[in-house]
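Everything quoted here is computed from the prediction, not taken from an experiment. Order of the sequence lines sets the chain letters (A, B, ...), proteins ahead of strands, with each chain counted from 1.
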Amino acid sequence: MLVIDDVKNALLSKYPHLNLDKVVFEPCRHHELGDLSTNAVMVLKKQGDFESFIVDFLTNHPIVETVNTTKGFINIRLKKEFWVEILKNILKDGELKPHLEGQGKTINVEYVSVNPTGPLHIGHARNAVFGDMIASLFDYFGYHVTREYYVNDAGGQIDALVSSVQLRIKELNQHPITDKDFSADMYRGTYLIPVAEKVQQEKPTHLKSFIVERMMEAISHDLKDLGIHIDTFTSEQNILNQGYLEKAFKILHERGDLYHGVLPPPKGHDGDWEEREQLLFKSTTYGDDTDRPLQKHDGTWTYFAGDVAYHLYKISRHYDVLIDVFGADHAGHILKLQSAVHAMSGGNTPLHIRTCQMVNFLDQGVPLRMSKRAGNFVTLRDLIERIGKDPIRFMMASRHPSTTFDFDFEKVVEKTKENHLFYIQYAHARICSVLKRAKSHGIEPLFHEHLLSDDDVFLIKMMYDFSRQMVLSLKHLEPHRICQYLYDLATHFHQFWEKNRLLNVDEPVITQHRLAVVVGVQKIIQRAFKVLKIDPLDEL
RNA sequence: GCGCUCUUAGCUCAGCUGGAUAGAGCGGCGGCCUUCUAAGCCGUAGGUCAGAGGUUCGAAUCCUCUAGAGCGCGCCA
């Protein structure tokens with residue numbers, strides 16, 4: 001934004017000592033008062049009284065129409081030329097390009113990372129979509145993004161998976177099996193039957209990796225249908241084979257962050273606690289609440305140790321920033337992982353961890369109680385086939401990540417304003433429809449500056465806010481802001497539609513002009529949807 | 001017992017990391033289709049921002065405590 005930089009520069013050139021960090025221009029809360037407001041006077045109060053200086057400066061600024069002050073704010077109304085330029089830029093570039101702040105920087109976003117023991121279910125969807133949109137946002141701002149999935153293919157769960165497949169093979173060979181043949185940790189899902197068949201056909205030499213590959217094929221296929229492409233699948237087994245566990249041990253040991261000791265029992269963990277000496281990581285040094293075990297009592301590595309090794313591997317790949325996306329049920333891992341990364345990278349590799357909360361699923365208002373054991377969980381595939389990828393992506397991304405919310409299978413495909421995605425698509429479809437109709441009359445969009453109306457400006461202002469919302473979404477890693485913004489934009493458009501008849505064959509010039517204005521909206525929706533990876537609809 | 005996250009209108013959610021009179025939708029009430037998609041638009045009613053303190057020019061937002069909800073808490077991953 002030009003005005004704010006001009007004001008800041010003017011202030012600094014006269015008062016070089018000023019701290020202007022908190023000075024911002026924002027869209028004016030009250031439309032009657034102006035277009036933009038600044039808190040400068042209030043924020044700078046302690047450093048001096050700069051009101052008359054700023055007001056004078058703004059009054060003489062070439063793109064400022066009027067200036068007023070109320071309740072400590074300075075409000076400005078911009079000249080129409082400003083909005084003319086904004087719309088021209090949108091029509092030319094298809095958007096409003098924020099300056100690319102991430103050019104050259106590399107970033108690794110790890111998300112989904114579901115154990116390869118079964119198909120993705122709907123409980124995995126939020127993490128997958130949220131992580132993917134975080135990655136998309138970084139793409140948008142010019143970072144080099146790696147989308148990564150960590151495959152837990154080394155633990156006891158995988159052994160149980162292999163046993164489960166072997167049991168299914170037995171079943172294929174005319175040995176009837178019952179529920180009793182499955183031990184508690186085994187997987188009795190019928191999705192393993194085709195895997196067993198494949199094993200029989202191909203007789204692989206490495207059974208375990210063969211099975212994991214089949215599971216990962218299914219998972220990536222489901223992800224693809226949700227619009228997600230993972231760049232790098234990193235195998236836990238591979239990390240271990242490459243000796244990263246030992247490397248991590250060595251680094252932490254040399255730093256003096258390891259010791260053998262006994263953890264205190266968690267409070268309320270009365271009778272069944274048995275004190276055991278373990279190899280511990282001194283994560284309390286880095287802000288954790290308690291030290292964390294790298295080895296079990298028997299000297300074998302813990303799951304956490306594997307995670308530490310994996311993050312050392314990520315550090316060794318020299319990204320500027322690492323991001324992990326966890327479900328709320330893994331929030332307990334944040335501090336210990338960040339401690340480990342801090343220790344191993346010497347504080348040089350920032351690790352941001354974002355969690356998204358659980359989702360309550362409902363079908364026509366009835367809560368779904370899923371249990372993996374009972375086998376009544378809904379697969380992601382089933383949901384995609386039932387309602388499509390876009391409603392899932394939009395809904396999963398449209399809520400603040402740290403709040404739980406209700407996801408009703410029926411409500412997200414309703415064709416009413418209550419369904420935000422529909423409402424936005426409706427705006428887009430209306431624009432496409434009227435453009436098509438105008439074209440059949442030989443009328444194409446064409447912007448006429450001198451026809452710019454107050455209603456046009458009202459709509460252009462909303463388009464102008466796009467780049468600011470994108471910046472905020474990135475800054476806070478909160479893609480839901482984009483969804484919220486699009487809904488507001490759609491609201492403004494629908495109001496505009498009701499007030500201003502777009503197509504009038506008797507008035508071709510005004511028709512051209514209004515079409516050009518709504519093409520701006522169309523382009524912004526398309527650009528935002530590209531980031532969300534949602535397909536805009538030309539008709540409903 | 002401890003930790004993390006949450007609590008905003010009857011319901012579902014926003015609230016621009018401390019700014020102006022806290023906003024939308026649904027539901028309620030009342031209006032708007034001979035013209036581009038009424039799958040929409042307009043008006044109206046509805047609030048002690050869970051509660052109590054604190055920080056300051058200013059708090060839904062930051063801190064402390066209390067209550068309630070969800071998730072988690074070595075020897076699973």
When the [atom1] atoms of [M] and [N] are compared, how many Å lie between them, rounded to an integer?
N      : M      : atom1 : answer
B:rG15 : B:rC62 : P     : 13 Å
B:rA14 : B:rA59 : P     : 24 Å
B:rU7  : B:rA50 : C1'   : 6 Å
B:rA60 : B:rG23 : P     : 12 Å
B:rC33 : B:rU17 : P     : 43 Å
B:rC57 : B:rG18 : C1'   : 12 Å
B:rU64 : B:rU55 : C1'   : 11 Å
B:rC42 : B:rA24 : C1'   : 15 Å

Query - Exceeds 12 heavy-atom contacts within 6.0 angstrom, atom CG of A:D298 - result: yes

Query raised in the report: So with a 6.0 Å cut-off around CD of A:E539, is the heavy-atom count from everything else above 12?
Result: no

Just checking [X]: base, sugar-phosphate only, or nothing, at a heavy-atom cut-off of under 4.0 Å?
X      : result
A:T355 : nothing
A:S37  : base
A:H330 : base
A:D291 : nothing
A:H476 : base
A:I158 : nothing

From [X] atom [atom1] to [Y] atom [atom2], the distance as rounded to the nearest 0.5 Å:
X      : Y      : atom1 : atom2 : result
A:T355 : A:H333 : OG1   : NE2   : 12.0 Å
A:Y150 : A:I239 : OH    : CD1   : 6.5 Å
A:H342 : A:L335 : NE2   : CG    : 13.0 Å
A:E213 : A:D153 : CD    : CG    : 10.0 Å

Query raised in the report: Mapping A:K336 and A:A331 to their closest nucleotides on RNA chain B, which lands nearer the 5' end?
Result: A:A331

Report summary line: By nearest-nucleotide position on RNA chain B, the 5'-leaning member of A:G332 and A:L335 is A:L335

Query raised in the report: What do the steps show when you test A:F529 against A:H428 for ring-ring contact (aromatic ring centres under 6.0 Å, His included), and what is the final call?
Result: CA-CA 11 Å; A:F529 271 10; A:H428 187 265; 7.2 Å; no

May I have the distance from [X] (atom [atom1]) to [N] (atom [atom2]), rounded to whole angstrom?
X      : N      : atom1 : atom2 : value
A:E478 : B:rU61 : CD    : C1'   : 13 Å
A:L44  : B:rG18 : CG    : C1'   : 15 Å
A:E51  : B:rC57 : CD    : C1'   : 14 Å
A:M462 : B:rA24 : CE    : P     : 13 Å
A:H333 : B:rC4  : NE2   : C1'   : 12 Å
A:R354 : B:rC71 : CZ    : P     : 23 Å
A:I424 : B:rG25 : CD1   : P     : 14 Å
A:Y485 : B:rA14 : OH    : C1'   : 16 Å

Query raised in the report: Between A:F407 and A:F361, what is the ring plane arrangement, given parallel below 30°, perpendicular above 60°, and tilted in between?
Result: tilted

Query raised in the report: Does the cation-pi check pass for A:K336 over A:F304, that is, NZ or CZ under 6.0 Å from the six-membered ring centre and within 45° of its axis?
Result: yes

Report task. Identify whether the glycosidic angle of B:rC57 places it syn (within 90° of 0) or anti. Result -> anti

Report task. Scan nucleotides 34-44 of chain B nucleotide by nucleotide, 5' to 3', and note B when protein non-hydrogen atoms come under 4.0 Å of the base, S if they reach only the sugar-phosphate, - if neither. Result -> -BBBSBBSS--

Every protein N/O lying under 3.5 Å from an N/O of nucleotides 6-12 of chain B:
{"from": "B:rC6", "atom 1": "OP1", "to": "A:S402", "atom 2": "OG", "distance (Å)": "3.3"}

Query raised in the report: Salt-bridged, A:D35 to A:K461, with N to O below 4.0 Å?
Result: yes

Query raised in the report: Under a 4.0 Å N-O cut-off, is there an ion pair linking A:K411 with A:E414?
Result: no

Report summary line: Paired with A:D324, the side chain to side chain donor-acceptor pair (under 3.5 Å) test is passed by just one of A:H330, A:R354, A:K314, namely A:K314

Requested in this report: Check for a donor-acceptor pair, side chain of A:D390 on one end and backbone N or O of A:I534 on the other, with a separation under 3.5 Å.
Outcome: no

**Report entry** Heavy-atom donor-acceptor pair, A:S473 side chain to A:P479 backbone, under 3.5 Å
**Finding:** no

Query raised in the report: Out of B:rC71, B:rA77, B:rA20, which has the shortest distance to the side chain of A:K296?
Result: B:rA77

Query - Minimum-distance nucleotide (side-chain atoms of A:D329 versus B:rC57, B:rA77, B:rG72) - result: B:rG72

Query raised in the report: B:rA77 base to A:D185 side chain: any donor-acceptor pair below 3.5 Å?
Result: no

Query raised in the report: RNA chain B in dot-bracket, Watson-Crick or G-U pairs under 3.5 Å, [ ] crossing, | other strand?
Result: (((((((..((((.....[...)))).(((((.......))))).....(((((..]....))))))))))))....

